[in-house]
Amino acid sequence: MKNIYQDDSLTLHTDLYQINMVETYWRDGRYKKRAVFELFFRKLPFGNGYAVFAGLEKVIQFIQGFRFSEDDLEYLKNEVGYQDDFLDYLKGLRFTGTIRCMKEGELVFGNEPILSVDAPLCEAQLVETALLNIINYQTLIATKASRIKQVLGKEIAMEFGTRRAQEMDAAIWGARASYLAGFEGTSNVRAGKLFQIPVSGTHAHSMVQAYKDEYTAFRKYAETHKDCVFLVDTYDTLKLGVPNAIKVAKEMGDSINFIGIRLDSGDLAYLSKEARKLLDEAGFKDAKIVASSDLDEYTILNLKAQGAKIDSWGIGTKLITAYDQAALGAVYKIVSIEGNDGKMEDTIKISSNPVKVTTPGIKKVYRIINNKNKHAEGDYIALEDEGLPEKKLRMFHPTHTYMNKVVTNFTAKELHEVIFSKGDLVYETPCLEESREYLKQNLCALWDEYKRTLNPEEYPVDLSQKCWDNKMRNIEEVKEKVAEMKAE
Ligand SMILES: Nc1ncnc2c1ncn2[C@@H]1O[C@H](COP(=O)(O)OP(=O)(O)OP(=O)(O)O)[C@@H](O)[C@H]1O
Ligand SMILES: O=P(O)(O)OC[C@H]1O[C@H](OP(=O)(O)OP(=O)(O)O)[C@H](O)[C@@H]1O
Ligand SMILES: O=C(O)c1cccnc1
């Protein structure tokens, strides 16, 4: 069936309720009220000690292209039933607000604003869904990839997940997030082209099956390619696969670059150790062993503990689908709104679950770096307009306030950059390589205790005294108001 509408804009990449709320604000005349929303997640994914922020580049693309197309408006009129006057308003709508955000490759923790949108209420509301969609996925995959890299150290990690990804966009942006997080490359050629990520690849079992035997398949491949990694597990890894790879490598000599072999099934520890012996005995001490097959940080760690002789790792399904945790759970919450007198007023959401009570007010996030050892002491969230003490900073846990410390001789690094100012892009986006390097530096400044993959220490994310007092005051005020409303 031919679709009558073009997929020519991303602005409708939102939930219907956002447009419905916007219609209410617009008809009520409230739509231009200044509002500030913050995007954050509550709990670190995978039980990790940190998350890696990714998604800003796509957020920028989305905001720059934010406008309803003629086709979008036609659809909203014909199929959803909005009226012409409201559609006229939507037609002229552009993003005119200010966005502050952490840089890609920043380390991020629970309950701290990654991004804030300060814009007319309608605009801030309409971008929510897309921003969450982008950041939730890319940050999740970057974090998973970083966990895997923590286990691998300097060993090569290749992203192989496209065929198992949740559709094409996920494959592309997941490959980018993995590279940002320290992977050495991807098998996805389009991601390579779009983001200048190194691409590499071996060959599949189908090629061996197409030629019926490994010797012919490897030989034909070697006659057509300089760099060769032969997949040796189609029939019998140690009796047929590896010997055939060695035979072809010897025959072809310097006319090929025999990089090594790939194992994709069976006992990867045992097979890699035995294959290593065969390759060494044949004089191919530099030949590498690549492994793939449902790998993740747990299997890799276990294979290493078994003394597996694997040099390079192809990682697909469990990375690109964030197999053990499907969503990051980031949310977008309003923290301040312009009141009738034009002044900004804090807003709070109360919940019976204490972790779901939001922190009101426009805030800044600082990373407190110890000047002596250059490591992070924790993150400090302060109200936008409060100054930071220069000499002595008291940090305390926002829930367990008895957990506290005084930090001296520190540098407070503000983590938000202004990305859009009054609708204009003012941020110079670093290239992917720079963001990748930035993450490496950030990880160096994080104590190992937060980086281990199993039961890491909890990194402090603290509120300033003013921010904490303000939250408590807001909670009391709302409780009083609720009590009054109940009494009426
Ligand atoms: N020595 C090992 N220790 C722990 N896990 C291993 C070891 N060797 C392989 N694995 C993992 O065990 C799983 C084996 O998967 P499975 O039995 O489904 O198939 P396979 O051996 O890969 O064969 P096939 O691809 O033909 O299904 C994979 O996740 C692999 O990473
Ligand atoms: O295991 P993953 O981490 O998801 O890595 C990607 C997988 O994709 C390929 O298998 P597939 O069976 O799709 O094709 P093949 O015939 O090339 O083995 C490859 O051999 C890996 O096993
Ligand atoms: O190049 C490979 O070996 C590869 C690429 C994608 C998926 N599986 C394997």
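In each ligand, atom 1 is the first atom listed, and ligand 1 is the first ligand listed.
A cation-pi geometry, defined here as NZ or CZ lying under 6.0 Å from the six-membered ring centre and within 45° of its normal, holds between K144 and F46. Under the 6.0 Å distance and 45° angle rule, R367 does not count as a cation-pi partner of Y380. A cation-pi arrangement is not found for K333 relative to F40, the charged atom failing to lie both closer than 6.0 Å to the ring centre and inside a 45° cone about the ring normal. Geometrically, K103 engages Y438 in a cation-pi contact, judged by NZ or CZ lying under 6.0 Å from the ring centre and within 45° of the ring axis.
The single protein non-hydrogen atom nearest to atom 20 (P) of ligand 1 is S265 CB, 3.7 Å, given as residue, atom name and distance. Scanning all protein heavy atoms for the shortest distance to atom 15 (P) of ligand 2 gives H205 ND1, 3.6 Å. Closest protein heavy atom to atom 14 (O) of ligand 2: R163 NH1, 3.2 Å. Of the protein's heavy atoms, L268 N, 2.9 Å lies nearest to atom 8 (N) of ligand 1. Looking from atom 1 (O) of ligand 3 to the surrounding protein, the closest heavy atom is T202 N, 2.8 Å. Of the protein's non-hydrogen atoms, the one nearest atom 8 (N) of ligand 3 is F160 CD2, 3.6 Å. What sits closest to atom 12 (O) of ligand 2 on the protein, heavy atoms only, is R164 NH2, 3.8 Å.
Between R262 and ligand 3, an N or O atom pair is found at a separation short of 3.5 Å. Between K318 and ligand 2, no pair of N/O atoms sits closer than 3.5 Å. Polar contact check, D267 against ligand 1: a nitrogen or oxygen pair lies under 3.5 Å apart. Looking at S206 next to ligand 2, no N or O pair under 3.5 Å apart turns up. Every N/O-N/O distance between L295 and ligand 1 stays at or above 3.5 Å. For the pair G266 and ligand 1, the shortest N or O to N or O distance falls below 3.5 Å.
Under the 30°/60° scheme for interplanar angles, the aromatic rings of F230 and F218 are found to lie parallel. Using bins of under 30°, 30° to 60° and over 60° for the plane-to-plane angle, the ring pair Y221/H203 lands in the tilted bin.
Atom numbering of ligand 2 starts at 1 in the shown order; those under 4.0 Å from a heavy atom of R262 are 19 (C), 20 (O). Per-residue contacts place L303 under 4.0 angstrom from the following atoms of ligand 1 (heavy atoms of the residue considered): 1 (N), 2 (C), 3 (N), 7 (C). In summary, the atoms of ligand 1 found under 4.0 Å from a heavy atom of A269, numbered by their order in the structure, are 1 (N). Near D294, meaning under 4.0 Å from one of its heavy atoms, ligand 2 places the atoms 1 (O), 2 (P), 3 (O). Atoms of ligand 2 lying under 4.0 Å from at least one heavy atom of A204, given by number and element, are 17 (O). Annotation for ligand 2: atoms under 4.0 Å from non-hydrogen atoms of D264 are 18 (O), 19 (C), 20 (O), 21 (C), 22 (O). Annotation for ligand 3: atoms under 4.0 Å from non-hydrogen atoms of G201 are 1 (O). Residue G316 approaches ligand 2 through these ligand atoms, each under 4.0 Å from one of its heavy atoms: 2 (P), 3 (O), 4 (O), 5 (O). Listed by number with element, the atoms of ligand 2 under 4.0 Å from a non-hydrogen atom of T317 are 2 (P), 3 (O), 4 (O).
For the pair K349/K356, no side-chain contact is recorded, criterion being any heavy-atom separation below 4.5 Å from C-beta on. Side-chain contact between L295 and L303: present, with at least one pair of heavy atoms (C-beta onward) separated by less than 4.5 Å. Contact annotation: the side chain of T399 never approaches that of P354 to less than 4.5 Å [non-hydrogen atoms, C-beta and beyond]. Using a 4.5 Å heavy-atom threshold, the side chains of F37 and V335 count as separate. You'll find the side chain of E106 reaches within 4.5 Å of the side chain of N442, heavy atoms only. Side-chain contact between D213 and N244 is absent, with no heavy atoms from C-beta onward closer than 4.5 Å. Counting heavy atoms from C-beta outward, L301 and Y298 have side chains that stay 4.5 Å or more apart. Contact of the E458 side chain with the E449 side chain is not registered, since no non-hydrogen atoms from C-beta on lie closer than 4.5 Å.
Here T299 has side-chain heavy atoms under 4.0 Å from ligand 1, and that is the only part of it that gets that close.
For atom 3 (N) of ligand 1, the choice among K318, H205, Q306 with the nearest heavy atom turns out to be Q306. The closest heavy-atom contact to atom 15 (O) of ligand 1, among the options A291, S272, S293, comes from S293.
Aromatic pair F284/F258: ring centres closer than 6.0 Å. Side-chain rings of W173 and F195 approach one another, their centers coming within less than 6.0 Å.
The presence of a protein heavy atom under 4.0 Å from atom 22 (O) of ligand 1 is confirmed. Put simply, atom 29 (O) of ligand 1 has protein non-hydrogen atoms near it, under 4.0 Å away. Proximity of atom 17 (O) of ligand 1 to the protein is not indicated, since no non-hydrogen protein atom lies closer than 4.0 angstrom.
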Mind running side-chain contact (heavy atoms from CB on, under 4.5 Å) on I362 and R100 for me, showing each step along the way?
CA-CA 11 Å; I362 307 173; R100 294 182 179 81; 5.5 Å; no
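Residue-ligand proximity: D264 is placed with a non-hydrogen atom under 4.0 Å from ligand 1. In this structure, R163 has a heavy atom closer than 4.0 Å to ligand 3.
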